[in-house]
Amino acid sequence: QGEIPSLYKVLKNDFLVGAAVNPMTLNSQKEFIVKHFNSLTSENNMKFENLQPEEGNFTFDHADDLVAFAKHNEMNVRGHTLVWHNQTPDWVFDNKNGGITDRQTLLERMKNHIVTVMERYKGQINSWDVVNEAIADNGTQLLRDSKWKQIIGDDFIDKAFEFAHMADPGAELFYNDYNESDPEKREKIYTMTKGLIERGVPIHGIGLQAHWNLSNPSLDHIREAIERYASLGLKLHITEMDVSVFSFEDKRTDLKAPTAEMAAEQTQRYKNLFELLREYSDVISSVTFWGVADNYTWLDDFPVRGRKNWPLLFDRDLKPKQSFWEVVDL
Ligand SMILES: Oc1ccccc1CN[C@@H]1C=C[C@@H](O)[C@H](O)[C@H]1O
């Protein structure tokens, strides 16, 4: 590994460089992770269903392992995620006799989860995705019609941030979402977060998930989104970056490796993307990949289950791809 530069050291003057890890990837490639990244996100083990699977039963082992590893290696940790419509256990929304719970009860459950989790990691997890993916993807309505919204009301977002700030006043609190550079969704995210700011809700940043592909979103749309969000005076984190070799609509399952043209396009794409992100390093303080290397990515099962993808800077053998060299040689 001598001649291969450290990814985070090359980008040290621009932003933190992170990776989402799970117990398997963390425990099987520790040295590699420490070499290239100075920030970690738990891919699944800090989600509601994994931290509090039953009411009052908190299961922190995997989260503790990740935080301890990060502390030992002087790495930053992003907390992901406290309030989300996915990967949240049914008990959270149920009442005792099989119906749905009420606003007050759900607010108490939300507060207890947020405070218990954030107090445990106070001073160790410096930024949290307090709310994930609350914006509606299509139609004119602003918010996704989630159980959080249905039971509490539109102010569930305000409350989540208020509880989080009470729990750890030193933590940077983020709203996180995908398709964040699509102009229509961008304007919804902008409108929602502008409202939070106007109501005095403690929010410090916006997380752009950046689940992108070879052509979408355009560099112009990404630039416009960065500038729009930054105009709110908020910090920006790129929170879940990967560059799929397939467009969302392309469900083909015949490839055992990216085609030569896919690889070439991905190399050019990563070069263009990091030129743009570095141009905005004054407002972007962290760039996290949703995975370490192509040996494991959530895209191997999304949107097509069992279909291999190759979206990251390192190949399945942890070797730098041409994309890596484009990024470090900028
Ligand atoms: O790109 C998407 C398209 C549709 C739904 C969700 C997403 C992204 N959603 C992300 C992906 C993986 C999960 O592990 C993350 O927690 C989640 O934030």
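One-based numbering along the sequence shown. Order of listing sets the numbers, starting from 1, for every ligand and every atom in it.
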Checklist entry - Under 4.0 angstrom from ligand 1, any heavy atom of Phe248? => result no

Next on the checklist: Using the rule ring pair (Phe, Tyr, Trp, His ring centres under 6.0 Å), only one of Phe174, Trp290, Trp128 pairs with His80; which is it?
Outcome noted: Trp290

Item to check | Heteroatom proximity flag, Trp298 to ligand 1, N/O under 3.5 Å | outcome: no

Next on the checklist: Could you tell me if Asn309 and Thr297 have a donor-acceptor pair between their side chains, going purely by distance under 3.5 Å?
Outcome noted: no

Checklist entry - In ligand 1, which numbered atoms sit nearer than 4.0 Å to a non-hydrogen atom of Phe302? => result 3 (C), 4 (C)

Checklist outcome for this item: Note: ligand 1 atoms sitting under 4.0 Å from heavy atoms of Trp84 are 16 (O), 17 (C)

Checklist entry - So is there a nitrogen or oxygen of Tyr178 less than 3.5 Å from a nitrogen or oxygen in ligand 1? => result no

Checklist entry - Identify the closest protein heavy atom to atom 9 (N) of ligand 1: which residue and atom is it, and at what distance? => result Glu133 OE2, 2.7 Å

Next on the checklist: What I want to check is whether the side chains of Tyr270 and Glu275 have a donor and an acceptor closer together than 3.5 Å.
Outcome noted: no

Next on the checklist: List ligand 1 atoms under 4.0 Å from Gln209, heavy atoms only on the residue side.
Outcome noted: 8 (C), 9 (N), 10 (C), 18 (O)

Checklist entry - Hey, mind stepping through Gln209 and Glu133 against side-chain hydrogen bond (donor to acceptor under 3.5 Å, both in side chains) and telling me if it holds? => result CA-CA 10 Å; Gln209 287 188 12; Glu133 307 177 357; 2.9 Å; yes

Checklist entry - Applying the side chain to side chain contact (heavy atoms under 4.5 Å, CB included) test to Lys159, which of Val201, Leu107, Ile114 qualifies? => result Leu107

Checklist outcome for this item: Of Glu240, Lys47, His211, the residue with the heavy atom nearest atom 14 (O) of ligand 1 is Lys47

Next on the checklist: Please report whether ligand 1 has a polar contact with Asn176, defined as an N or O pair separated by less than 3.5 Å (distance criterion only).
Outcome noted: no

Checklist entry - At a 4.0 Å threshold, what atoms of ligand 1 neighbour a non-hydrogen atom of His80? => result 15 (C), 16 (O), 18 (O)

Next on the checklist: Could you tell me if Arg120 sits above the aromatic ring of Phe60, with its cationic atom closer than 6.0 Å to the ring centre and no more than 45 degrees from the axis?
Outcome noted: yes

Next on the checklist: Can you name the atoms of ligand 1, numbered from 1 with element, that are less than 4.0 Å from a heavy atom of Trp290?
Outcome noted: 12 (C), 13 (C), 14 (O), 15 (C), 16 (O)

Checklist entry - When you measure from the centre of the six-membered ring of Phe15, is the NZ or CZ of Lys12 under 6.0 Å away and within 45° of the axis? => result no

Next on the checklist: Tell me whether the NZ or CZ atom of Arg252 lies within the 45° cone about the ring axis of Phe246 and under 6.0 Å from its centre.
Outcome noted: no

